[in-house]
Amino acid sequence: MRNERGTQTRGTIELTLAMVLSGTLGIFVVESGASPFNVVFFRCLFGAAALGAYSLARGYFTGHGLTPKKLGLAALGGVFIVFNWVLLFEAYEATSISFATVVYHTQPFFLVVLGAVMFRERITAAKFGWLAVAFIGLVLVSGIRPGDTASLKGLGLALGAAVLYALSTIVTKRITGVRPHLIALVQVLVGIPLLLPFADFGAAAGLGAGWGWLAGLGLIHTGLMYVLMYAAYQKLPTAKIAVLAFTYPAVAMFADWAVYGHHIGLVQALGVPLIVLASLKVTLVRAAAPAPRTAAHAPEAASPAATRSA
């Protein structure tokens with residue numbers, strides 16, 4: 001019992017640290033001074049180096065379990081993840097880190113909707129009710145006024161990122177018998193050639209100190225953060241993971257206020273707890289449901305997450 005408690009304590013610390021790191025991701029994106037496409041390209045490049053080195057050191061390439069079909073699914077999930085990051089980082093530019101992060105956390109509801117559309121999963125009355133609560137929260141958080149094109153654009157980009165994340169989750173969950181580190185590695189490797197045509201190396205050459213922020217996104221927010229999350233997933237029950245996941249938006253909103261002075265208004269603030277509560281309820285309901293035979297051992301965060309980390 002004491003050993004189990006100690007294991008959960010370690011897992012709690014690891015996941016909390018991972019979510020705190022995730023909450024600072026927006027700062028690194030903005031401070032890099034790079035375009036969203038350049039940011040994601042170099043995040044993939046540095047992230048692949050970090051995850052590849054870690055997987056090699058841990059011996060994960062031996063008996064990796066990847067088959068052509070699983071590799072294809074991981075690559076498809078990578079396409080969704082990479083463009084999910086692009087849209088999210090575009091949303092940071094269009095509005096603010098706080099706004100984009102809160103809207104981005106509508107991901108669980110798109111999982112429910114896509115599950116109903118693609119797999120004919122039944123939406124229970126309880127799920128439908130929480131979807132309605134989340135929608136009300138989203139309307140309040142958006143706070144969009146007539147003519148406020150920046151907020152409208154940011155809202156659309158963040159929602160688009162959430163949809164792509166949900167699609168990646170659906171694909172990734174169908175991969176079994178492969179370590180999540182390797183799935184994440186495949187996904188960031190896919191991003192390198194995928195974004196190469198969009199990368200502006202001329203602009204990147206003049207970033208100066210921005211290179212440090214880009215390296216941090218790959219080494220810290222893709223390498224270290226994922227390693228901490230995956231270690232924690234093995235030690236914690238799903239309910240605790242779902243609760244700790246909301247450390248991420250809380251830290252992101254605080255960091256946005258502390259560094260840039262951005263904060264959401266009173267009416268918008270009323271919508272935040274509605275989205276958080278509804279997201280938590282839907283996540284726990286999905287976790288409690290019997291897992292399909294195709295469910296993957298890999299956490300959703302292989303994309304950034306069951307924790308809905310970017």
request  = Give the intermediate values and the outcome of side chain to side chain contact (heavy atoms under 4.5 Å, CB included) for residues W213 and L207.
outcome  = CA-CA 10 Å; W213 297 99; L207 286 177; over 6 Å; no
query = Are Q234 and T7 linked by a side-chain donor-acceptor pair shorter than 3.5 Å?
reply = no
request  = Using atom types as modelled and distance alone, determine if a side-chain donor or acceptor of S55 lies under 3.5 Å from a backbone N or O of G52.
outcome  = no
Euclidean distance, T12 OG1 relative to I241 CD1, rounded to 0.5 Å = 9.5 Å
query = What do the steps show when you test V190 against V79 for side chain to side chain contact (heavy atoms under 4.5 Å, CB included), and what is the final call?
reply = CA-CA 7 Å; V190 164; V79 172; 4.1 Å; yes
ask   = Are the side chain of R43 and the backbone of H221 linked by a donor-acceptor contact shorter than 3.5 Å?
value = yes
query = Are L56 and V178 connected in the hydrophobic side-chain network, where two residues link if heavy atoms are under 4.5 Å apart?
reply = yes
ask   = Between P36 and E93, is any pair of side-chain heavy atoms under 4.5 Å apart?
value = yes
Minimal non-hydrogen separation, G216 against F28, with atom names = CA-CE2, 4.0 Å
ask   = Do you reckon W257 sits in the same ILVMFWY cluster as Y92, going by side-chain contacts under 4.5 Å, direct or chained?
value = no
task = Determine whether the side chains of T95 and H262 contain a donor N or O and an acceptor N or O closer than 3.5 Å.
result = no
query = Do V39 and L214 have side chains that get closer than 4.5 Å, going by heavy atoms?
reply = yes
task = Give, for atom OG of S22 and atom CG of L17, the distance between the pair rounded to the nearest 0.5 Å.
result = 12.5 Å
request  = With the side chain counted from C-beta on, respond yes when P180 and Y233 share a heavy-atom pair under 4.5 Å apart, and no when they do not.
outcome  = no
request  = Tell me, please, which residues at least two apart from F128 pass ring-ring contact (aromatic ring centres under 6.0 Å, His included).
outcome  = none
inquiry  = Under a plain distance cut-off of 3.5 Å, with no hydrogens placed, do Y104 and N84 share a side-chain donor-acceptor pair?
reply    = yes
inquiry  = Give me the atom names and distance for the closest heavy-atom approach of I275 to A134.
reply    = CG1-O, 3.9 Å
ask   = L114 and I170: side chain to side chain contact (heavy atoms under 4.5 Å, CB included), yes or no, with the steps?
value = CA-CA 9 Å; L114 288 172; I170 288 172; 3.6 Å; yes
query = For F135, does the CZ atom have more than 12 heavy-atom neighbours from other residues, nucleotides or ligands under 6.0 Å away?
reply = no
query = Quick one: ring-ring contact (aromatic ring centres under 6.0 Å, His included) partners of F46, sequence neighbours excluded?
reply = none
inquiry  = Measuring only between side-chain heavy atoms, which start at C-beta, is M253 closer than 4.5 Å to Y248?
reply    = no
ask   = Is a donor on one side and an acceptor on the other found under 3.5 Å between the side chain of S279 and the backbone of V276?
value = no
query = Do the side chain of T24 and the main chain of L21 share a donor and acceptor less than 3.5 angstrom apart?
reply = yes
ask   = Does L189 belong to the same Ile/Leu/Val/Met/Phe/Trp/Tyr cluster as L196, with side-chain heavy atoms less than 4.5 Å apart forming each link?
value = yes
L228 and L15: CA distance, side-chain angles, deciding distance, side chain to side chain contact (heavy atoms under 4.5 Å, CB included) verdict = CA-CA 6 Å; L228 286 171; L15 188 53; over 6 Å; no
query = If you measure from the Lys or Arg side-chain nitrogens to the Asp or Glu carboxylate oxygens, is any gap between K235 and E14 under 4.0 Å?
reply = yes
Test ring-ring contact (aromatic ring centres under 6.0 Å, His included) applied to F198 - qualifying residues, sequence neighbours left out = F37
query = Is the closest side-chain heavy-atom distance between V133 and K281 below 4.5 Å?
reply = no
query = Quick one: does Q268's side chain have a donor or acceptor within less than 3.5 Å of a partner on G265's backbone?
reply = yes
ask   = Any link between L217 and V20 through a network of hydrophobic side chains (Ile, Leu, Val, Met, Phe, Trp, Tyr) touching at under 4.5 Å?
value = no
query = Side chains of F83 and L87: closer than 4.5 Å at any heavy-atom pair?
reply = no
key: Rounded distance [0.5 Å steps], CD in Q107 versus CG in L164   = 10.5 Å
query = Is there a chain of hydrophobic side chains (I, L, V, M, F, W, Y, each step under 4.5 Å between heavy atoms) that links V251 to I97?
reply = no
query = Measuring from T172:OG1 to L167:CG, what's the distance to the nearest 0.5 Å?
reply = 10.5 Å
ask   = Which heavy-atom pair separates N38 from A199 by the least distance, and what is that distance?
value = OD1-CA, 3.2 Å
ask   = Is S168 reaching over with its side chain to a backbone N or O of G77, donor-acceptor style, under 3.5 angstrom?
value = yes
note = Here the pair of heavy atoms bringing A158 nearest to A100 is CB-O, 3.8 Å
query = So, do L185 and F61 sit near enough that their side-chain heavy atoms are less than 4.5 Å apart?
reply = yes
key: Pair W130 + F109: ring centers closer than 6.0 Å   = no
ask   = Is the H181-Y226 ring centre distance short of 6.0 angstrom?
value = no
query = Is the F41 to F201 ring centre distance short of 6.0 Å?
reply = yes
query = Any idea which heavy atoms bring P193 and P197 closest together, and the distance?
reply = O-CD, 3.4 Å
request  = Nearest 0.5 Å please: distance from the CG atom of L155 over to the CG atom of L138.
outcome  = 5.5 Å
Shortest non-hydrogen separation from C44 to V82 and the atoms involved = SG-CG2, 4.0 Å
task = To the nearest 0.5 angstrom, please state how far the OG1 atom of T101 sits from the CG atom of D256.
result = 7.5 Å
ask   = Below 4.5 Å, heavy atoms only, C-beta onward: do L244 and L236 meet side chain to side chain?
value = yes
